[in-house]
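A short worksheet on the structure shown next.
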Protein chains: 2
Amino acid sequence: MDHLKALDIYRTHIEKYIVLNDEEWTVFKDHLSIRTLKKKQNFAEPGLVCNEVGFIILGSVRYYNVREGEEITGYFSFENEFVSSYKSFLTRQPALNYIQALEPTIFVTFSQKSMQLMLAPPLLAYKIERFGRLIAEYYLCCYEDRMTAFITKTPEERYLDLLSTGRDVLQRIPQHYIAHFLGITPVSLSRIRRKILVSPL
Amino acid sequence: MDHLKALDIYRTHIEKYIVLNDEEWTVFKDHLSIRTLKKKQNFAEPGLVCNEVGFIILGSVRYYNVREGEEITGYFSFENEFVSSYKSFLTRQPALNYIQALEPTIFVTFSQKSMQLMLAPPLLAYKIERFGRLIAEYYLCCYEDRMTAFITKTPEERYLDLLSTGRDVLQRIPQHYIAHFLGITPVSLSRIRRKILVSPL
DNA sequence: CCAATTTCTTATCTTTTGTTAACGTTTTGA
DNA sequence: TCAAAACGTTAACAAAAGATAAGAAATTGG
């Protein structure tokens, strides 16, 4: 995967948010970097401000917190999704969570500083405001769905939802990560799976 | 509470997001409405697109879903907070939840249509893009905190957090609403409260 | 002011979930 | 390739939470 190819993919995907002409893209592109992580390396970690918003070209990450020595996985992201400890990025407060590569992962990233520069009025400001708005809205919709599921559904239902909509998530991710993502323990998820196997639906 | 007073309060509060000069305010103001709800009336409901973003001048609301005939309260908002079924507002898909006034409540609102009009390039567009970005970011930070608490904390800890940071929430809201907000049943919350009373800290 | 409703607590019983540990399988990395 | 580590399942027990019901207290709405 060479850099130009990665940037092309990025440009194509953000066209859902903002369409840049060649002049704008030239400026924007200079604010983008390629970042690669090996498996288990961190994109973000607690105590450090997350200064970047990434976009996964290839690979995947998990978001997790450490509580009483245990890792609790809260979320995953895959190809063509944005990745950031976004509250930290926005507020410049230290992050509370790790973001860790689950496999060798290639990102296109821009920094908080670049965001500020591009928001300063010359060429791109207007479109970057929109870009920032749409990224925030994208995250917000994810969170709203997830929060609603937690309030109104049982762990078993959330697992079944994941089964039906979950693309290849369940194949690519260790099951005990999925368990925490669902808000339960790995043992409990194993029980739910057996129950479903025995009496499917 | 007369309308001019309410609009003044609104203008003051949104200055955290965008500062409008008098000309801009004049235009913006024409897109604002005052909406009042009696106790138990709905700001939004399932099946209908939520076409407004409100801001509470006086009063409070709860967000809730209905599941198997039971109302499950997921969130609250009070004075000086935005109110909307925001994903519905953004996507123009029907909302999944009710938003109900907990007491007689006064809102300043703008509509989806106004948002679109103000985003169309003449005077305000740039500032409205920013406004939209900052509202989305505001919501996103709320959601991120809440989601993290759900993944990493027990119901008892979430209740203690609410006790320490909860302003007057606990005084103003029936306890069984709080219970669902914490992700547990009212009976269970009652038990947690007793446990804390018996052995505080 | 008072009856009706809502709210909170408590008790009992049931179900679900967590904890710990054991065991077999799979994956990993040197 | 092979030993170590990670992973998933299962069992047994403990702890937490849900369901239901009853009763007291508080609030509400005529």
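Just so we're on the same page: letters track the sequence lines, and every chain starts at 1.
- Residues satisfying the ring-ring contact (aromatic ring centres under 6.0 Å, His included) criterion with A:Tyr86, sequence neighbours excluded, are A:Phe89, A:Tyr139.
- The closest donor-acceptor contact from the side chain of A:Arg11 to the backbone of A:Leu20 lies under 3.5 Å.
- Contact annotation: B:Gln175 side-chain N/O to C:dT9 OP1/OP2 distance is under 4.0 Å.
- Remark: C1' of C:dT7 and CZ of B:Arg172 are 18 Å apart, rounded to the nearest angstrom.
- In A:Lys29, the NZ atom is crowded: over 12 heavy atoms of neighbouring residues, nucleotides or ligands sit closer than 6.0 Å.
- Judged purely by atom type and a 3.5 angstrom limit, A:Arg158 uses its side chain to pair as donor or acceptor with the backbone of A:Leu182.
- A heavy-atom distance below 4.0 Å to DNA chain D is reached by none of the residues of residues 150-159 of chain A.
- Counting to the nearest Å, the C1' atom of C:dT19 and the CG atom of A:Leu189 are 16 Å from each other.
- Protein chain A touches strand DNA chain D; the 5'-most and 3'-most nucleotides with an atom under 4.0 angstrom of its non-hydrogen atoms are D:dC7 to D:dA12.
- Using a 30° and 60° split on the angle between ring planes, B:Tyr177 and B:Phe76 fall in the tilted class, from 30° to 60°.
- Rounded to whole Å, atom C1' of C:dT17 lies 12 Å from atom NE2 of A:His180.
- Residues satisfying the ring-ring contact (aromatic ring centres under 6.0 Å, His included) test with A:Phe55, not counting sequence neighbours, are A:Tyr10, A:His13, A:Phe82.
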Can you give me the N/O atom pairs linking the protein to nucleotides 25-27 of chain C at distances under 3.5 Å, or say none if there are none?
none

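- Remark: the backbone N or O of B:Ile106 is not paired with any side-chain donor or acceptor of B:Thr36 at under 3.5 angstrom.
- Judged purely by atom type and a 3.5 angstrom limit, A:Glu129 has no side-chain atom pairing as donor or acceptor with the backbone of A:Tyr126.
- Using modelled atom types, no side-chain atom of B:Ser190 and backbone atom of B:Ser188 make a donor-acceptor pair closer than 3.5 Å.
- Rounded to whole Å, atom P of C:dT7 lies 16 Å from atom CG of B:Leu170.
- Across the interface with DNA chain D, nearest-nucleotide mapping of B:Lys40 and B:Glu70 shows B:Glu70 to be the residue nearer the 5′ end.
- Comparing C:dC8, C:dT10, C:dG18 by their closest approach to the side chain of A:Ile184 singles out C:dG18.
- Residue B:His176 has no polar side-chain atom (N or O) positioned under 4.0 Å from OP1 or OP2 of C:dT6.
- Side-chain atoms of B:Thr152 come within 3.5 Å of backbone atoms of B:Thr148 as a donor-acceptor pair (strictly under, hydrogens ignored).
- Not a single donor-acceptor pair under 3.5 Å links the side chain of A:Lys87 to the backbone N or O of B:Leu140.
- When heavy atoms are screened at a 4.0 angstrom cut-off, B:Arg191 is found touching base atoms of the nucleic acid.
- Although no hydrogens or angles enter the test, the distance criterion places a donor-acceptor pair under 3.5 Å between the side chain of B:Thr165 and the main chain of B:Asp161.
- Using a distance-only test at 3.5 Å, with no hydrogens or angles considered, a donor-acceptor pair links the side chain of B:Asn21 to the main chain of B:Glu24.
- When rounded to the nearest whole Å, the span between CD1 of B:Ile192 and P of C:dC8 equals 15 Å.
- In this structure, B:Arg193 places its CZ atom 13 Å from C1' of C:dT10, rounding to the nearest Å.
- Note on the helix from C:dC1-D:dG30 to C:dA30-D:dT1: angle between the axes of the first and last five pairs equals 70°, rounded to 10 degrees.
- Using a distance-only test at 3.5 Å, with no hydrogens or angles considered, a donor-acceptor pair links the side chain of B:Ser88 to the main chain of B:Gln93.
- B:Ser190 comes within contact range of at least one nucleobase, with a heavy-atom separation under 4.0 Å.
- Residue contacts shown for B:Thr185 are limited to sugar-phosphate atoms, with no base heavy atom under 4.0 Å away.
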